[in-house]
Amino acid sequence: MRILVADDHDLVRDTIAAYLTGAEIDEVVTVSTLEEAVKSAEETGSFDLVLLDYNMPGMSGLDGLARMKAANQDRPVAIISGSATREVAEAALKAGAQGFIPKTLSAKSLLTAARFMAAGEIYAPVEFMQQKPDDETGSLTRRELDVLRGICEAKANKEIARDLDLQEVTVKLHVKTLSRKLGARNRTHVAMIARDKGLA
C-alpha cells in the first residue's frame, strides 16, 4: 500500500508518516503543499490513499480536494485537520473525500482508518461527527464577516476601515470581538480559524 501525506506542519506530517511507516505500509511519501502533492501523484502514479491537510497552502477550502482526486485518478483522498468543524467534515465527505481525520486521532485509530479508506470505505469518527454545530459561527454579524474577510486578506485595520467606510477604532473593536467569538489568540489565529471554518 502506498500512502501520500500532505501537510504543511513538519511535526504533524512526520508524526503521521512515522505511525504509518511503523505499521508495515509499503511506501509513505510526504509533501508540504498541494502543488507538491498533485505533482507527486502525477509523476509517480496514483496512491492507494492520500491524506490531505485541509488548511495547507494551495488548498482554497475544498477546491484542493477536487484537484487532488483528479491527480490521484479518483482513488481515495481523505481530509485531515486539526481545527475544522463538523460542518467542514460533512462538506468534505459530500465533496467526495474518502474520509475525514481529526489530527487528535490516536495512532491505532489512524492506521485502522487508513486501511479502511484505502480499501474504498468511507471513514469519519462517530464522536467527532456527533458534535453540535458551532454556535459561534452563526453569531457573527454581517459587519464582523466583512472585517473577517479583510483580516484574511492580510489587510491592516486602517485599510479595512477605509474599504468598509468605518472608523479605525470600530474595526479594532470588531477584531477584538471576532477573537473572542472564534476563540483566537491574535488576528493571524483569527484568519486561520476562519479559513478552517470556511468563513472567508
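- Criterion: ILVMFWY side-chain heavy atoms under 4.5 Å apart, direct or through other members. Under it, M56 and I16 are not part of a common hydrophobic cluster.
- Closest approach of V29 and S40 over heavy atoms only: CG1-OG, 3.8 Å.
- Taken from OH in Y123 to CG in L105, the straight-line distance is 4.5 Å, to the nearest 0.5 Å.
- The side-chain hydrogen bond (donor to acceptor under 3.5 Å, both in side chains) contacts involving residues 158-173 comprise K155-D163, where partners must be two or more places apart or lie in separate chains.
- With a 4.5 Å cut-off on side-chain heavy atoms, L65 and M68 do not count as touching.
- In terms of heavy-atom proximity, I122 sits nearest to A97 at CD1-O, 4.0 Å.
- Side chains of S179 and R185 form no contact here, defined as non-hydrogen atoms less than 4.5 Å apart.
- Cluster membership check: F47 shares its hydrophobic cluster with M59, using side-chain heavy-atom separations under 4.5 Å among Ile, Leu, Val, Met, Phe, Trp and Tyr.
- Here the OH-CD1 distance, from Y19 to I25, works out to 14.5 Å after rounding to the nearest 0.5 Å.
- With contacts defined as side-chain heavy-atom distances shorter than 4.5 Å, the pair S81/P102 does not qualify.
- Residue pairs satisfying the ring pair (Phe, Tyr, Trp, His ring centres under 6.0 Å) criterion with at least one member in residues 81-116, sequence neighbours excluded, are listed as follows: F100-F128.
- V77 and V12 fall into different hydrophobic clusters, where Ile, Leu, Val, Met, Phe, Trp and Tyr residues are linked whenever their side-chain heavy atoms come under 4.5 Å apart, directly or through other members.
- The two residues A78 and M117 make their nearest non-hydrogen contact at CB-SD, 3.5 Å.
- Using a 4.5 Å cut-off on side-chain heavy atoms (C-beta onward), L166 and R143 make contact.
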Step by step, would you call D48 with R2 a salt bridge (charged side-chain N to carboxylate O under 4.0 Å, His left out)? CA-CA 5 Å; D48 295 298; R2 297 176 70 238; over 6 Å; no

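- To the nearest 0.5 Å, the span separating CG on N55 from NE2 on H9 amounts to 7.5 Å.
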With side-chain hydrogen bond (donor to acceptor under 3.5 Å, both in side chains) as the test, would you mind laying out the steps for S109 and T112 before giving the verdict? CA-CA 5 Å; S109 299; T112 303; 6.0 Å; no

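- Salt-bridge check for R67 with E35: passed, with a basic side-chain N closer than 4.0 Å to an acidic carboxylate O.
- Nearest heavy atom pair, residue H189 against residue G183, reads CE1-O, 3.9 Å.
- By the rule that hydrophobic residues join a cluster once side-chain heavy atoms approach within less than 4.5 Å of another member, L34 and L51 end up as members of separate clusters.
- Side-chain atoms of E144 never come within 3.5 Å of backbone atoms of L178 as a donor-acceptor pair (strictly under, hydrogens ignored).
- Distance CG/N157 to CD1/I151: 7.0 Å, rounded to 0.5 Å.
- For the pair K103 and D53, the salt-bridge criterion is met [side-chain N within less than 4.0 Å of a carboxylate O].
- We find the CG-CG distance between L52 and L4 to be 8.0 Å, quoted to the nearest 0.5 Å.
- Checking side-chain atoms of S60 against main-chain N and O of D63 turns up no donor-acceptor pair under 3.5 Å.
- Under a hydrophobic clustering in which Ile, Leu, Val, Met, Phe, Trp and Tyr are joined whenever their side-chain heavy atoms come within less than 4.5 Å, directly or via other members, V171 and L182 fall into the same cluster.
- Residues I3 and M1 meet the side-chain proximity criterion, which asks for heavy atoms closer than 4.5 Å.
- Side-chain contact between V31 and K39 is absent, with no heavy atoms from C-beta onward closer than 4.5 Å.
- In terms of heavy-atom proximity, R195 sits nearest to C152 at NH1-O, 3.3 Å.
- Residues I80 and D7 form a side-chain contact, since some pair of their non-hydrogen atoms from C-beta on lies under 4.5 Å apart.
- In terms of heavy atoms, A37 sits closest to A6 at CB-CB, 4.0 Å.
- Side-chain atoms of L164 and V147, non-hydrogen and from C-beta on, do get closer than 4.5 Å to each other.
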